[in-house]
Amino acid sequence: MPRVCGATAEVSATRVQATESSNQAGVGAKAIACVRIATGIIFLLFAEYKIAGSEFTPVGFEHWVRGWVAQGQVVGFYKPILVNVALAHPALCARLVAWGEMAIAISLILGLLVRASAVGGVIMMISFILSTWYTPGHGAPVWQYFGANLDHIPLLFLFVVFYATRAGDVWGLDGWLRMRKAK
């Protein structure tokens, strides 16, 4: 009889541990959902001023890109892309950046097509990093390059996390659509 009681106690302890583990996973997914939505709101603010205002398209965009190129901040292989594409078509590229940020914002806030949005965000952050990598100057200590890109690198990592965790599944339309499709 003690064995049966012991086995019952063991099963109960296992069940409690499984429940605690499940709750912790739920907290993590909800935390990622909160960060996803907050990141979307930040992107909404940046996109809104670029779309609604006249400071960015095309004058502000062209000013920034010309500055990066003139100051030698751009990684070598990426410079021809900025010169031959972005500076050759500044209004188009400025609108692509602005509307790309808006698409990312809406996607993250609604939790809709988050994985596709995360890929777009990764591409955008890598583009910004390549455009401003040498801000500290050539030959600076390595940590300064990373320090100069602290506004892009964490966002790059966030987009990777959003992609890897299917961040739209919690409090997002991706999860709702997935559940609806499963039924």
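This one's a predicted model, so the numbers in the text were calculated from it and none came from an experiment. Position 1 is the first residue of the sequence; numbering continues from there.
Surrounding CZ of Phe157 are at most 12 heavy atoms belonging to other residues, nucleotides or ligands under 6.0 Å away. Annotation for Phe128: atom CZ counts as buried by contact number, over 12 foreign heavy atoms lying within 6.0 Å.
Distance check, rounded to the nearest 0.5 Å: CD1 of Ile104 to CD1 of Ile123 gives 9.0 Å. For the atom pair CD1 (Ile37) and CD1 (Ile32), the distance works out to 12.0 Å, reported to the nearest 0.5 Å. Distance CD1/Ile41 to CD1/Ile109: 5.5 Å, rounded to 0.5 Å. Separation of atoms OG (Ser131) and CD1 (Ile81) is listed at 9.0 Å; rounding is to 0.5 Å. Note that CZ of Phe46 is 13.5 Å distant from CD1 of Ile51, once rounded to the nearest 0.5 Å. A distance of 8.5 Å separates OH of Tyr78 from CH2 of Trp68, quoted to the nearest 0.5 Å.
For the pair Arg115 and Tyr163, the cation-pi criterion (under 6.0 Å, within 45° of the ring axis) is fulfilled.
Considering every non-hydrogen atom in both Arg36 and Leu108, the closest pair reads NE-O, 2.6 Å. Minimum heavy-atom separation, Ile129 to Ile153: CD1-CG1, 3.8 Å.
Taking the side chain as every heavy atom from C-beta outward, Val74 and Trp133 never approach each other to under 4.5 Å.
A salt bridge links Asp169 with Arg178: at least one charged nitrogen is closer than 4.0 Å to a carboxylate oxygen.
A donor-acceptor contact closer than 3.5 angstrom links the side chains of Thr135 and Gln73.
Val59 shares a hydrophobic cluster with no other residue; no ILVMFWY side chain has heavy atoms under 4.5 Å from its own.
Taking the six-membered ring for Trp and the full ring otherwise, Phe159 and Phe43 have centroids separated by under 6.0 Å.
Residue pairs meeting the side chain to side chain donor-acceptor pair (under 3.5 Å) criterion with at least one partner in residues 139-148, sequence neighbours excluded, are absent.
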